[in-house]
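Let me begin by presenting the structure, written as structure tokens, before commenting on it.
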Amino acid sequence: MPPLLPTRPLPQPLESTIGYLLRLGGANGFPSLTWLQAYRKHMGLPAQDFEVFFEQATGHGSPALLNLWGPSSALLPIRPEKRLGIKNTYWNLRYRRWCPECLREHGYWRAEWLLTLQIACPVHRRLLHELCPSCEQPVGWYSGELVRCRCGGELAQVARIEVTPPLPAIASLLSQKFATACERISSTLLSDSGLDLLLADVHVARLLELLWTLGCYTHHRALKIPLKVQHHHRIEVALPVLESAAQILWGWPASFQDFMAELSDPAQRQALDLHLFIGLHLKALSKALNHPELHFVRQEFERFVTANWRGVIVDRHRFTDQHLTAVQPVITGKEAAEILGISRKKVVVLVSEGHIQGWYPATKGSRRFLVVDRESVRRFQQGCSGGLFTLVEAARYLGTSRPRIRLFVAGGLLKPAFKPNEQKEHSAHWMFEQAELDRLLGGLSTQMHSTPDCDSLISLDQICRGRARDGADLVTLLQAIQAGALAIIARDPCQQGLKGLLLDRSRFNAWFAARLPEKQIFALAAAARYLGLKEHVLYWLRDRGLLFGFVYPDGPGKPRLTRLTLDRFKERYVWGRSLESLTGFGWTSASRALLAQGVWPVSGPTVDGGITYLFLRSDVMAFLGSKARAQ
């Protein structure tokens, strides 16, 4: 297919994807990014990914795509790996941000300017800008030209704003880590400073989390939830957060120890509960930075607790001759329990079941004690792949609860080494081999993923929190994984056990969508996905009398909707994506276009304050029919 655009500039190194679309339109005479929607409609291009549009519109091959990074326009979604596993919190797509000198010298928008916490230029050592020099308003991506605001102001002609000394170093570090993640430079250190050595193995996604978490807990410690800061995408909000984070990192570890000393309560040094001493903020901080790349923070946290907390009950130790004990062929039941990591009652059960050899020696008195053959304990331990877990330990190892472990056994997902009889079914005296638990976790060969927050991945924990009531519960997911319908791609190093298993998001969505036709009654969350609406919109439509037919098979507090009700609703009304495909207008402009033509919705912001414009399908079809007859 020949190129569709007459002028086709090549992407520049580390250029932002959305910035390239703006530059591509400007090279072909389109003044702003709004050209995409009109151009696609004029050329009859279907909904497609950015990569397909890029090749069709420019004719450039896939090597040119290596220069483009960061999010794209909502009309042209980009591959998740182009977002580098960085959370949406740290991508700034509301307003543009730029270095006037870089923009004047190179004429394109760098991808790292989209980072929420990149507020300075490491090359020119000046603060980035986000306000137009003429109208002093934030410049949106869909308003204004490549280097001009919609008011006509020149974005490259802005007065210089100096920055304090720590910020250029932070900006340089972020720029280096960003380029490394994009594989534009090697991961070797550019300098041998203490900060570079400390953060040598930290990915840019984790560096952003580290800066934001430390900065917020330092600067916004008065807030109940310091990480929930409004307007965090603005430079004026991010600036003090970065300065606070820089002060801690530059003086590491002494500055971090001082910071924890300020947050902890010295009056609670003797408290038995550690949380009373460290407080809620330090407790949350220790859990927020739990990625292995950030374990140096955890180490300093533990070092502080060890040095300052005195509420520890010291265990009493009993000293024995280790050499003599190791060569004895017979050991007591207590020693066998310590070797196997189980209770003495479980050792008695193993002896009665014949798994290990043991007996009660004859004594003159009435006291009976169990002795066990050491070699049989060793053989049993080796037969269990070197690990034997109780029910509580298995639940902790898998990162789940004891009732779920029993469900796994009932569903054939786990085979216990020992299971109590029916009279003691709810007893904790279960035993599982470590190899069996590792098999449920996808095997020990499953690799840790460097960017677990990548949009192409979804964890079992995320699925169960949002889709369990719709048929994607944990047991069903694990059965699908063992049956081969789903596959474990990698593991999240921040999560333990089953919570950290990662699946391919697109494959899971396809699997989940294939299960929906089997359902005849939907919970509201699943019904909203079936209709393509938000769940709270269903409540709004119900309160306005536009959605009815609720059923309550599980009680009055759990409304459900049948498939027949949802299909009738789709036949009567049209909205969102269905309105786009029916009218040919864009997704965001279809409602405005119909309103301009006099087609009035039954619900929407201008009608009853609703969130979504909802049109009668008959009204839309009548308008389209009259438009066709007029032509």
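Panel note: side chain Arg97, backbone Gln118; a donor-acceptor pair is recorded below 3.5 Å. Remark: the backbone N or O of Ala200 is paired with a side-chain donor or acceptor of Lys177 at under 3.5 angstrom. Judged by distance alone, with hydrogens and angles left aside, the side-chain atoms of Arg491 form no donor-acceptor pair with the main-chain N or O of Leu501 at under 3.5 Å. With Ser172 contributing its side chain and Pro168 its backbone, the two residues share no donor-acceptor pair below 3.5 Å. A donor-acceptor pair is defined here as one N or O able to donate and one able to accept, closer than 3.5 Å; such a pair exists between the side chain of Thr180 and the backbone of Gln176. Without hydrogens or angle criteria, Glu112 side chain to Leu174 main chain gives no donor-acceptor distance under 3.5 Å. A donor-acceptor contact shorter than 3.5 Å links the side chain of Arg269 to the backbone of Asn308.
Remark: Leu503 CG to Asn509 CG distance equals 10.5 Å, nearest 0.5 Å. Between atom OG of residue Ser72 and atom CZ of residue Arg79 there is a gap of 12.0 Å, rounded to the nearest 0.5 Å. To the nearest 0.5 Å, atoms OG (Ser16) and CH2 (Trp98) are separated by 13.5 Å. Interatomic distance, Leu437 CG to Leu398 CG, rounded to the nearest 0.5 Å: 5.0 Å. A distance of 12.5 Å separates CG of Leu75 from CG of Asp49, quoted to the nearest 0.5 Å. Of the inter-residue distances, the one linking Leu65 atom CG with Glu51 atom CD reads 6.0 Å to the nearest 0.5 angstrom.
For residues 213-241, the pairs satisfying side chain to side chain donor-acceptor pair (under 3.5 Å) are Glu130-Arg234, Arg221-Glu262, with sequence neighbours left out. For residues 136-150, the pairs satisfying side chain to side chain donor-acceptor pair (under 3.5 Å) are Ser73-Tyr142, Arg148-Glu154, with sequence neighbours left out.
No more than 12 heavy atoms of other residues, nucleotides or ligands sit less than 6.0 Å from atom CG of Asp201. With a 6.0 Å radius and a threshold of 12 heavy atoms from other residues, nucleotides or ligands, Leu280 has its CG atom at or below the threshold. Heavy-atom contacts from other residues, nucleotides or ligands closer than 6.0 Å to NZ of Lys82 number more than 12.
The ring-ring contact (aromatic ring centres under 6.0 Å, His included) with Tyr20 is formed by just one residue from the set Phe54, Tyr108, Phe50; it is Phe54. Among Leu146, Val147, Ile18, the one residue that satisfies the side-chain contact (heavy atoms from CB on, under 4.5 Å) test with Arg23 is Leu146.
The two residues Pro100 and Ala156 have their closest heavy-atom pair at CB-O, 3.5 Å. The two residues Ile119 and Leu127 come nearest to each other via the heavy atoms O-CD1, 3.3 Å. Heavy atoms only, all atoms of each residue included: Cys216 and Val241 are closest at N-CG1, 3.8 Å. The two residues Ile489 and Asp504 come nearest to each other via the heavy atoms CG1-N, 3.5 Å. The nearest pair of heavy atoms linking Arg404 to Leu474 is NH1-CD2, 3.5 Å. For Leu282 against Phe301, the heavy-atom pair with the smallest separation is O-CE1, 3.9 Å.
Ring geometry for Trp35 versus Phe53: interplanar angle of 30 to 60°, hence tilted.
The shortest side-chain heavy-atom distance between Thr89 and Leu227 does not fall under the 4.5 Å cut-off. Annotation: side chain of Trp109 is not in contact with side chain of Leu114 (no heavy-atom distance under 4.5 Å). With contacts defined as side-chain heavy-atom distances shorter than 4.5 Å, the pair Ser459/Lys499 does not qualify.
Remark: Glu393 engages Phe389, Thr390, Arg396 in a side-chain contact (heavy atoms from CB on, under 4.5 Å) (not counting sequence neighbours).
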Would you sort out whether Leu167 and Leu239 count as a side chain to side chain contact (heavy atoms under 4.5 Å, CB included), showing the intermediate values?
-> CA-CA 9 Å; Leu167 290 182; Leu239 179 59; 3.1 Å; yes
Checking side chain to side chain contact (heavy atoms under 4.5 Å, CB included) for the pair Cys99/Arg126: CA distance, chi angles, key distance, verdict?
-> CA-CA 8 Å; Cys99 170; Arg126 60 178 294 171; 4.0 Å; yes
Take Asn67 and Glu15, measure what side chain to side chain contact (heavy atoms under 4.5 Å, CB included) needs, and give me the verdict at the end.
-> CA-CA 6 Å; Asn67 289 325; Glu15 184 174 5; 5.6 Å; no
Applying side chain to side chain contact (heavy atoms under 4.5 Å, CB included), run through Trp250 and Ile170 and close with a yes or a no.
-> CA-CA 10 Å; Trp250 249 257; Ile170 290 289; 3.6 Å; yes
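Between Phe178 and Trp69, the ring centre distance reaches or exceeds 6.0 Å.
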